[in-house]
Amino acid sequence: PELLEEEATPSQATLHMMWAPGYEMEEPEFRRTIHYQFIPNTLFPRIIGKIVHTLGWEIQNYWKNGSIVENASEGSSAFVKMIPLDKTLHITVRGERAGEDLLRILDTLQSLNTSLGLTDVESFVPCTHCLLLEEDAKPYLFPMSEFDKALADSKEYVLCEGEVPVKLRALLPKPKLSA
């Protein structure tokens with residue numbers, strides 16, 4: 001991808017045609033937001049390169065800080081977007097095997113972060129409750145530690161902003177304690 005000609009970021013209308021907006025309940029969908037303290041210029045193309053070459057996915061669309069990739073053999077697709085000013089990476093995976101595919105992408109991303117010496121990285125899960133309320137809402141971001149606590153306490157839910165219970169299975173592909 002770093003050798004591809006740089007495409008302009010698509011308009012909202014074009015982006016909505018490529019990737020339907022909102023949180024769709026019709027097919028499984030899992031999301032992650034990754035916060036970095038530092039983002040090297042070459043990080044995003046390397047992420048897409050790893051997804052394509054290591055995991056065998058195909059690029060459907062690619063522009064400067066975003067890409068839609070597809071795992072045709074499993075029927076999943078992913079929208080991967082970097083927001084350099086916020087130092088965030090947003091990953092959304094849809095399809096029948098969205099959970100497993102998200103976990104494979106996250107494992108690949110973790111090994112890339114480690115190889116680049118990017119150790120100050122935090123992972124968050126956007127709240128599905130917030131995503132259902134408003135299409136373009138900024139959802140509450142659950143830190144991964146909230147899931148560890150809920151699982152250790154044998155809870156089936158976490159509280160969005162301390163008020164609304166959200167089931168773990170709607171947020172995590174395979175709810176289990178992280179190592």
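Keep in mind that the numbers below use all heavy atoms, side chains included, and drop hydrogens, waters and symmetry copies. Predicted model only: the values in this text are computed from it and were never measured. Residue numbers count from 1 along this sequence.
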Participant: Which hydrophobic side chains are connected to Leu141, either touching it within the sub-4.5 Å cutoff or through other members that do?
Facilitator: Phe124
Participant: Taking side chain to side chain donor-acceptor pair (under 3.5 Å) as the definition, give me every residue that meets it alongside Arg32, ordered by chain and number, with sequence neighbours left out.
Facilitator: none
Participant: For Asp107, check side chain to side chain contact (heavy atoms under 4.5 Å, CB included) against everything at least two apart and list the hits.
Facilitator: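 Scan of Asp107 (side chain to side chain contact (heavy atoms under 4.5 Å, CB included), adjacent residues dropped) gives none.
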Participant: Using the salt bridge (Lys or Arg N to Asp or Glu O under 4.0 Å) criterion, which residues pair with Glu100? Sequence neighbours excluded.
Facilitator: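 Partners of Glu100 by the salt bridge (Lys or Arg N to Asp or Glu O under 4.0 Å) criterion come out as none, since no residue qualifies.
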Participant: Among residues at least two apart in sequence or on other chains, which ones pass side chain to side chain contact (heavy atoms under 4.5 Å, CB included) with Asp120?
Facilitator: Gln37
Participant: Please list, chain by chain and in numerical order, all residues satisfying side chain to side chain donor-acceptor pair (under 3.5 Å) with Glu70, sequence neighbours excluded.
Facilitator: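 Glu70 satisfies side chain to side chain donor-acceptor pair (under 3.5 Å) with Gln60 once adjacent residues are dropped.
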Participant: Listing request: all ring-ring contact (aromatic ring centres under 6.0 Å, His included) pairs with a residue in residues 81-109, at least two apart in sequence or in separate chains.
Facilitator: none
Participant: May I ask you to check whether Ser76 and Asp101 show a side-chain donor-acceptor distance below 3.5 Å?
Facilitator: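 Judged by distance alone, the side chains do pair up.
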Participant: Checking Tyr140 now: which residues fulfil ring pair (Phe, Tyr, Trp, His ring centres under 6.0 Å) with it, not counting sequence neighbours?
Facilitator: Phe142
Participant: Only counting residues at least two apart or in another chain, list the ones meeting side chain to side chain donor-acceptor pair (under 3.5 Å) with Asn113.
Facilitator: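 Scan of Asn113 (side chain to side chain donor-acceptor pair (under 3.5 Å), adjacent residues dropped) gives Tyr36.
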Participant: What pairs with Ser145 under side chain to side chain donor-acceptor pair (under 3.5 Å), at least two apart in sequence or on another chain?
Facilitator: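 For Ser145 there are no side chain to side chain donor-acceptor pair (under 3.5 Å) partners, ignoring immediate neighbours.
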Participant: Output the rest of the hydrophobic cluster of Leu159: all Ile, Leu, Val, Met, Phe, Trp and Tyr residues reachable through side-chain heavy-atom contacts under 4.5 Å, sorted by chain and number.
Facilitator: Tyr157
